[in-house]
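Below: one structure, written as structure tokens.
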Amino acid sequence: MVQGKVTFMEYVWYIIAALGAGVGTGLAGLSAATVMVPILIVLCPSFGGEYGAYQATAIALASDILGSAVTTSVYAKNKRIDLRHGWVMMACIISLSAVGSYAAYLVGNVVLGGFTLILTFGIGIRFLVKPDTSKSGADISNVRLGWKEILISLFFGLTIGFGTGFVGTGGGMMMLVVFTAFLGYDLKTAVGTSTFIMTFTALIGFISHSLIHPAIVLERWNVLIICIVTATAASLISAQFANRVNNKTVGRVTGVILTILGAAMIYLNYFRDVTFPPLVQELGHTLAALVIFLVAAVCLALLGFRFLHIGGEARRKVLHTIAFLIILVLLLASEHWYVPALLSVLFVVIVYPVLKVCETKGFYASLFQERTAGEVRCSLVLLFGTAAALIALFWGALGSELTVIAAVLAWGLGDETAALVGKRFGRHKLGWRWADHQKSCEGSGAMLCVSFLAVLITLTVGGVSLPTALLTALVSGAAATVTEAVTKRGYDTVTVPCVAAILIWVMAV
């Protein structure tokens with residue numbers, strides 16, 4: 001049975017976990033379970049109970065099926081699959097995965113093995129040190145599979161196969177090690193071959209889990225849909241990136257991602273029960289969640305910039321979206337107001353000097369496309385400074401986290417919608433006296449609609465009655481739209497969320 005009520009925060013964790021899993025699969029053949037299982041178990045209360053971990057592994061396996069399949073299709077088009085030397089491992093892994101799945105059910109609440117997490121971190125370091133492994137596997141295509149390679153494949157295949165079912169992983173990391181270190185594959189061929197095998201092991205594992213414990217499908221169908229769609233999309237984009245750059249680049253990117261994800265997962269898996277001071281423990285959990293989100297979001301953004309040719313105002317709004325989602329992640333990952341407030345300030349303290357140094361580099365101008373010098377740095381201070389103040393006042397002093405979440409969503413979603421719609425469809429500029437005449441009626445109308453919906457949904461999910469939520473959303477959405485229209489020179493980052501928060505708290509909270 002599902003343990004506890006699923007909250008809005010949990011849905012955010014589902015998306016973050018699936019994003020991290022998809023990026024890991026597309027770039028390095030990383031099993032979705034390596035990222036998803038610790039997040040679901042540690043940060044999602046509804047996955048508590050005797051079979052919470054069993055359900056989490058089943059959802060990870062389901063996400064692996066399509067994620068590995070689309071990744072395999074991309075690598076196959078680039079001729080990066082070698083089953084001539086991998087068929088023995090494939091047969092062993094597939095045959096033992098169902099056995100491991102049944103054993104996991106008999107044991108009960110099986111948490112993702114720490115060895116897999118340590119391996120993820122270690123492989124990340126390895127690719128940072130030696131990003132290009134193509135030389136070691138460059139001439140194996142015409143070499144027959146010898147008895148030594150068969151013995152290696154049998155030993156590791158049987159071990160990985162049982163582990164894929166028992167722990168709920170697709171075996172991606174272990175296969176990556178075996179293929180690159182023992183069988184001579186280059187990184188891309190190792191990833192393509194391992195994701196091909198993972199497609200079948202994940203399918204068998206998910207079917208076995210579902211037949212043994214049908215509640216996974218009957219009660220967790222919404223989580224399955226969210227995680228499968230998100231992980232598949234992230235896997236496809238990441239795989240396309242990996243096959244369009246050279247081995248050294250993909251090796252370095254893989255090394256960075258695996259190192260960061262491995263460190264975050266080790267923390268969540270090992271240190272969640274260690275007796276730390278409450279503040280340190282909560283800071284650690286929140287930082288781990290933020291790191292996973294940033295890795296996935298930044299990777300997908302950079303891939304979109306390069307291969308989907310996102311530029312101009314659309315690129316600015318992608319970065320804008322990541323920035324306000326950082327605040328949302330901090331809010332949803334924390335139990336006490338002082339944690340997101342402190343981390344908002346620390347984020348500015350750390351990132352501001354980094355941006356200052358990067359402004360002298362050639363890539364900075366093309367990446368951020370600033371309208372004026374230092375725009376990103378100033379916006380960073382305004383955004384996170386305002387967030388820290390709102391959190392301290394409305395959540396800390398007045399006890400309403402809901403107010404801050406609703407105000408941040410009203411501003412973040414509304415403002416970017418206004419900009420995108422206004423740029424594309426804005427034919428009628430605002431003509432009244434106090435308005436910014438560069439803005440349009442079409443953009444303001446779009447912001448009104450989006451802000452209204454953002455506040456309405458947030459308040460309704462937060463338990464506010466529908467009539468009160470409707471009235472509050474209408475008034476605060478209209479006020480936010482007017483405030484955005486009259487605020488000039490980028491200061492709507494401060495004015496819009498402040499006005500929205502005041503009205504939301506007075507009317508609904």
> What distance separates L66 CG from D64 CG, expressed to the nearest 0.5 Å?
Replying inline: 10.0 Å
> Got W395 and P340 here, is their nearest side-chain heavy-atom distance under 4.5 Å?
Replying inline: yes
> How long is the span from the CG atom in L40 to the OH atom in Y14, to the nearest 0.5 Å?
Replying inline: 7.0 Å
> How far apart are the C-alpha atoms of S210 and R220, what are their side-chain angles, what is the distance that settles it, and do they pass the side chain to side chain donor-acceptor pair (under 3.5 Å) test?
Replying inline: CA-CA 11 Å; S210 300; R220 295 289 193 178; over 6 Å; no
> Going from CG on L283 to CG on L290, what distance comes out if it is rounded to the nearest 0.5 angstrom?
Replying inline: 11.5 Å
> Taking side chain as C-beta onward, heavy atoms only, is F206 less than 4.5 Å from L224?
Replying inline: yes
>> Between T71 and T25, is there a side-chain donor-acceptor contact under 3.5 Å, judged purely by atom types and distance?
In response: no
> Looking only at heavy atoms, which two atoms of A410 and M447 are closest? And how far apart?
Replying inline: O-CE, 4.3 Å
>> Between E401 and F394, does the side chain to side chain contact (heavy atoms under 4.5 Å, CB included) criterion hold? Intermediate values first, please.
In response: CA-CA 7 Å; E401 179 189 10; F394 288 97; over 6 Å; no
>> Give me the atom names and distance for the closest heavy-atom approach of P497 to A407.
In response: O-CB, 3.6 Å
>> As an exercise, state the distance from CD1 of I405 to CG of L390, rounded to the nearest 0.5 Å.
In response: 12.5 Å
>> For a quick check under 3.5 Å, do N222 and Y11 share a side-chain donor-acceptor pair by atom type?
In response: yes
> So, the side chain of E442 versus the backbone of V421: is there a donor-acceptor pair under 3.5 Å, distance only?
Replying inline: no
> Under 3.5 Å, side chain of S235 to main-chain N/O of G22, donor-acceptor pair present?
Replying inline: yes
> Regarding S444 and E484, is there a side-chain donor-to-acceptor distance under 3.5 Å anywhere?
Replying inline: no
> For S334 and L330, which heavy atoms make the closest approach, and how far apart are they?
Replying inline: OG-O, 2.7 Å
>> Please determine whether side chain to side chain contact (heavy atoms under 4.5 Å, CB included) holds for the pair L383 and W411, giving the CA-CA distance in whole Å, both sets of side-chain angles, and the decisive distance to 0.1 Å.
In response: CA-CA 11 Å; L383 174 59; W411 162 74; 3.3 Å; yes
>> With heavy-atom distances below 4.5 Å as the criterion, would you say the side chains of I226 and I15 are in contact?
In response: yes
> Between T232 (side chain) and I228 (backbone), is there a donor-acceptor pair under 3.5 Å?
Replying inline: yes
>> Any side-chain to backbone donor/acceptor pair from S451 onto G477? Under 3.5 Å, distance only.
In response: no
> Hey, are the side chains of Q240 and L236 touching, using non-hydrogen atoms and a 4.5 Å cut-off?
Replying inline: yes
> So how far is it from F347 CZ to F384 CZ, rounded to the nearest 0.5 Å?
Replying inline: 4.5 Å
> Do you know which two heavy atoms are closest between Y352 and R377, and how far apart they sit?
Replying inline: OH-NH1, 2.7 Å
> Can V404 and W337 be said to form a side chain to side chain contact (heavy atoms under 4.5 Å, CB included), step by step?
Replying inline: CA-CA 11 Å; V404 187; W337 69 270; over 6 Å; no
> Is there side-chain contact between M36 and S63, with at least one heavy-atom pair below 4.5 Å?
Replying inline: yes
> Tell me, do T458 and I504 make a side-chain contact under 4.5 Å, heavy atoms counted?
Replying inline: no
>> What I'd like to find out is whether the side chain of W505 reaches to under 4.5 Å of the side chain of T472, using heavy atoms alone.
In response: no
>> How close do T386 and C498 get, counting heavy atoms only, and between which atoms?
In response: CG2-SG, 4.0 Å
>> Do L402 and V464 make a side-chain contact, defined as non-hydrogen atoms from C-beta onward lying under 4.5 Å apart?
In response: yes
> Do you know which two heavy atoms are closest between A473 and L456, and how far apart they sit?
Replying inline: CB-N, 3.6 Å
> Given the rule in the side chain to side chain contact (heavy atoms under 4.5 Å, CB included) test, do T468 and L459 qualify, once you have shown the distances and angles that lead to the verdict?
Replying inline: CA-CA 9 Å; T468 302; L459 294 181; over 6 Å; no
> When rounded to the nearest 0.5 angstrom, what is the spacing between OG1 in T460 and CG in L453?
Replying inline: 10.5 Å
